[in-house]
Protein chains: 2
Amino acid sequence: MADATLIYNLLKEIFFLIDDGDRHLFSQYNLSVPRFYILWHLGNEPGISSQRLSELMICDKSNITRLSKGLEADGLVVRQPHESDGRALRLYLTEMGEAVREQSLATHLAYNDQRFSDCSVEGQDSLQQQLLCLKDSLLTQLTDFVRAENG
Amino acid sequence: MADATLIYNLLKEIFFLIDDGDRHLFSQYNLSVPRFYILWHLGNEPGISSQRLSELMICDKSNITRLSKGLEADGLVVRQPHESDGRALRLYLTEMGEAVREQSLATHLAYNDQRFSDCSVEGQDSLQQQLLCLKDSLLTQLTDFVRAENG
DNA sequence: CAAAAATAGTTGCGAACTCAACAGTTGATA
DNA sequence: TATCAACTGTTGAGTTCGCAACTATTTTTG
């Protein structure tokens, strides 16, 4: 391994820079970054549960409760009880939610293309593959850790 | 460019996974992730100012005010007035702060080596280089943007 | 079927974070 | 030198977040 700490620091700094850019970008739609993320996932999987959404967003479920309530209060999301499971919710976008998602997503797509274009000349595919490997590895370690804790 | 959105999502997910691991790791030292980060930077640049620290941590300076005050209250950091500049502070680690930094840093180093080892076989150097390119690019875009806003 | 365990979501609490507005110090300029 | 601009740090307000404890529903199992 080249230098784990260097790669660690690069990944963190890159995230903070990306997040900073996202925050400013989404502010024109009156969206925070996590609120955008929820709209994005709800468009991909309409009727998704809070539980599943918290896994996709790698955050605590209580966070989803509050974010989705806020989005519902703003008329972008509806929270319906699950047909057969009395514990669960189903989250959907409203018409307004879909409209906001579509606009902000288009802007974000263009922004990403522009933002990542400088280093695109070569080896972009290898970057992608290595990041994918890294993510899977971290995910496996996480689930192993949880398994080890619970049994 | 391969797929900007895919790379974007991978970077975000990887960060959340890394951050989640860090949080659990540092909890054994009664440290949060940002508090560890401050100890780390203070060890690298003793006497650093709040302003500079906020740039390194890519966050608002008000955040540094509160974090460093908390660390001072816990006896890990001292905040001294700058000798010649009446506006600025100089931040230093206390002896206890240095001890905590040393221990947590050693644990974190080992953790990083283990955590990133799965994908290390090949192309680790290219990953490093591409991340470096990406970080520099994002940093340049940020400063260009700030410059564009202010003049 | 009844008791126990797992699951989905909520709430209270405290930490971390941004943004805007502010005070005090320093530096530039006219 | 006097004024104005830039810079450093602080505070108030509001959002996001994890964790722990809780309720209410399944699901398991004895």
Side-chain angles (χ1 to χ4, degrees), chain A residues 12 15-17 19-28 30-38 47-74 77 79-91 142 146-147 149-151, chain B residues 12 15-17 19-28 30-38 47-55 57-74 77 79-91 146-147 149-151:
Chain A
K12 281 197 94 152
F15 171 81
F16 286 128
L17 291 169
D19 204 56
D20 198 59
D22 281 354
R23 188 168 40 254
H24 288 97
L25 186 77
F26 291 134
S27 68
Q28 65 182 300
N30 279 317
L31 283 180
S32 66
V33 179
R35 284 161 80 98
F36 167 77
Y37 240 62
I38 289 192
I48 194 177
S49 70
S50 291
Q51 175 61 35
R52 166 114 177 96
L53 187 52
S54 76
E55 288 163 10
L56 290 174
M57 291 180 58
I58 314 177
C59 74
D60 194 84
K61 55 203 166 112
S62 65
N63 201 21
I64 302 296
T65 296
R66 287 180 269 245
L67 286 169
S68 61
K69 275 187 177 178
L71 286 165
E72 186 172 53
D74 290 351
V77 162
R79 294 149 34 96
Q80 295 184 354
H82 193 283
E83 320 82 63
S84 57
D85 189 336
R87 301 166 297 182
L89 289 179
R90 281 186 171 285
L91 306 178
L142 178 66
V146 171
R147 219 192 319 271
E149 266 190 337
N150 297 350
Chain B
K12 281 198 96 152
F15 171 82
F16 285 129
L17 291 169
D19 203 56
D20 197 60
D22 281 354
R23 189 169 40 252
H24 289 97
L25 186 78
F26 291 134
S27 68
Q28 65 183 298
N30 280 317
L31 283 180
S32 65
V33 179
R35 282 161 83 98
F36 166 78
Y37 241 61
I38 290 191
I48 194 177
S49 69
S50 292
Q51 174 62 34
R52 166 117 179 94
L53 187 51
S54 75
E55 288 162 10
M57 291 180 58
I58 314 177
C59 73
D60 195 84
K61 55 204 166 108
S62 65
N63 200 22
I64 302 295
T65 297
R66 287 182 263 246
L67 285 168
S68 63
K69 277 187 175 177
L71 286 165
E72 186 171 52
D74 291 351
V77 162
R79 296 152 28 97
Q80 295 185 353
H82 193 283
E83 319 83 64
S84 56
D85 188 336
R87 301 166 296 182
L89 290 178
R90 280 185 172 285
L91 306 178
V146 171
R147 219 192 320 269
E149 267 192 336
N150 296 350

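Here is the naming used below: chain letters follow the sequence lines, and residue numbers restart at 1 for every chain.
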Engineer: Within the 4.0 Å heavy-atom criterion, would you say Ser54(A) contacts the bases, only the backbone, or no part of the nucleic acid?
Structural biologist: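 Since no nucleic acid heavy atom lies under 4.0 Å of Ser54(A), the category is nothing.
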Engineer: Less than 4.0 angstrom between a side-chain N/O of Lys61(A) and OP1 or OP2 of dT7(C), yes or no?
Structural biologist: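 No, Lys61(A) has no side-chain N/O under 4.0 Å of OP1/OP2 on dT7(C).
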Engineer: Figure out the CD1/P separation between Ile58(A) and dC17(D), and round it to whole Å.
Structural biologist: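 For the pair Ile58(A) CD1 and dC17(D) P, the rounded distance is 12 Å.
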Engineer: Under the criterion side-chain contact (heavy atoms from CB on, under 4.5 Å), I'd like the reasoning laid out for Leu56(A) against Ile48(A): C-alpha separation, chi angles, the key distance, then a yes or no.
Structural biologist: CA-CA 10 Å; Leu56(A) 290 174; Ile48(A) 194 177; 3.6 Å; yes
Engineer: Report the residue (Asp60(A) or Ser68(B)) whose heavy-atom-nearest nucleotide on DNA chain D is the more 5′ of the two.
Structural biologist: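 Taking each residue's closest nucleotide, the earlier one in sequence belongs to Ser68(B).
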Engineer: Once you round to the nearest 0.5 Å, how far does CZ of Arg79(A) lie from OG1 of Thr65(A)?
Structural biologist: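 Between atom CZ of Arg79(A) and atom OG1 of Thr65(A) there are 6.5 Å.
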Engineer: Check the distance between dT16(D)'s P and Asp20(B)'s CG and give it to me in whole angstrom.
Structural biologist: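 Going from Asp20(B) (CG) to dT16(D) (P), I get 20 Å.
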Engineer: Measuring from Leu53(A):CG to Ile38(A):CD1, what's the distance to the nearest 0.5 Å?
Structural biologist: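 Nearest 0.5 Å value for the CG-CD1 distance: 5.0 Å.
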Engineer: Given atom NZ of Lys69(A) and atom C1' of dA8(C), what is their separation to the nearest angstrom?
Structural biologist: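 Distance, rounded to whole Å: 13 Å.
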Engineer: Quick one: label Ser84(A) by what it contacts on the DNA or RNA (base, sugar-phosphate, nothing), any heavy atom closer than 4.0 Å.
Structural biologist: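 Result for Ser84(A) = sugar-phosphate.
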Engineer: Of the candidate nucleotides dA6(D), dA8(C), dG12(D), which contains the atom at the shortest distance from the side chain of Ala88(A)?
Structural biologist: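 Selected nucleotide: dA8(C).
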Engineer: Would you kindly compare Phe16(A) and Arg90(A) by the position of their nearest DNA chain C nucleotide and give the one closer to the 5′ end?
Structural biologist: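 Counting from the 5' end, the first nearest nucleotide belongs to Arg90(A).
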Engineer: Is the shortest side-chain N/O distance from Thr65(A) to OP1 or OP2 of dT10(C) below 4.0 Å?
Structural biologist: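 True: Thr65(A) side-chain N/O within range (under 4.0 Å) of dT10(C) OP1/OP2.
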Engineer: Which sits closer to the 5' end of DNA chain D, Ser50(B) or Gly86(A), going by the nucleotide each is nearest to?
Structural biologist: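 The residue mapped nearer the 5' terminus is Ser50(B).
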Engineer: Quick one: label Arg79(A) by what it contacts on the DNA or RNA (base, sugar-phosphate, nothing), any heavy atom closer than 4.0 Å.
Structural biologist: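 Touches sugar-phosphate only.
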Engineer: What is the distance, rounded to the nearest whole Å, between atom CZ of Arg35(B) and atom P of dC17(C)?
Structural biologist: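 In whole Å, dC17(C) P lies 11 Å from Arg35(B) CZ.
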Engineer: With heavy atoms under 4.0 Å as the rule, sort Arg23(A) into base, sugar-phosphate or nothing.
Structural biologist: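 Arg23(A): backbone/sugar contact only, no base atoms under 4.0 Å.
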Engineer: Side chain of Asn63(B) only, please: which of dA16(C), dT8(D), dG12(D) is the nearest?
Structural biologist: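 Minimum distance to the Asn63(B) side chain belongs to dA16(C).
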Engineer: Output the single nucleotide from dA6(C), dT10(C), dC19(D) whose closest atom is nearest the side chain of Arg87(A).
Structural biologist: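 That would be dA6(C).
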Engineer: Return the nearest nucleotide to the side chain of Arg66(A); candidates are dT11(C), dG9(C), dG12(D).
Structural biologist: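 For the Arg66(A) side chain, the nearest candidate turns out to be dT11(C).
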Engineer: Consider the side chain of Ser32(B), meaning its heavy atoms from C-beta on, and name the nucleotide among dT11(C), dA16(C), dT11(D) that approaches it most closely.
Structural biologist: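 Out of dT11(C), dA16(C), dT11(D), the nucleotide with an atom closest to Ser32(B)'s side chain is dA16(C).
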Engineer: Counting only side-chain heavy atoms from C-beta out, which of dT18(C), dT16(D), dT10(C) sits nearest to Cys59(B)?
Structural biologist: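 For the Cys59(B) side chain, the nearest candidate turns out to be dT18(C).
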Engineer: Nearest 0.5 Å, please: how far is CG in Asp22(B) from CZ in Phe36(B)?
Structural biologist: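 So the CZ of Phe36(B) and the CG of Asp22(B) are separated by 7.5 Å.
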Engineer: Given dG9(C), dT18(C), dA20(D), which nucleotide is nearest the side-chain atoms of Ser62(A)?
Structural biologist: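 Of the options given, the side chain of Ser62(A) lies nearest dA20(D).
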Engineer: When rounded to the nearest 0.5 angstrom, what distance separates CG in Asp74(B) from CZ in Arg35(B)?
Structural biologist: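 Here the rounded value is 4.5 Å.
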Engineer: Rounded to whole angstrom units, what separation is found between the CG atom of Leu31(A) and the C1' atom of dT16(D)?
Structural biologist: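 So the CG-C1' distance, Leu31(A) to dT16(D), works out to 15 Å.
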Engineer: Nearest-Å distance, CD1 (Ile64(B)) to C1' (dT18(C))?
Structural biologist: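 After rounding, the reported distance stands at 13 Å.
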Engineer: Which nucleotide in the set dA16(C), dT10(D), dC19(D) lies at the smallest distance from any side-chain heavy atom of His24(B)?
Structural biologist: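 Closest nucleotide among those given: dC19(D).
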Engineer: Nearest whole angstrom, please: distance from the C1' of dG14(C) to the CG of Asn30(B).
Structural biologist: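 To the nearest whole Å, that distance equals 15 Å.
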Engineer: Distance check needed: dA16(C) C1' versus Lys12(A) NZ, whole Å only.
Structural biologist: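 These atoms are roughly 13 Å apart.
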Engineer: Using the side-chain contact (heavy atoms from CB on, under 4.5 Å) rule, take Arg66(B) and Ser62(B) through it: C-alpha gap first, then chi angles, then the decisive distance, then the call.
Structural biologist: CA-CA 7 Å; Arg66(B) 287 182 263 246; Ser62(B) 65; 3.8 Å; yes
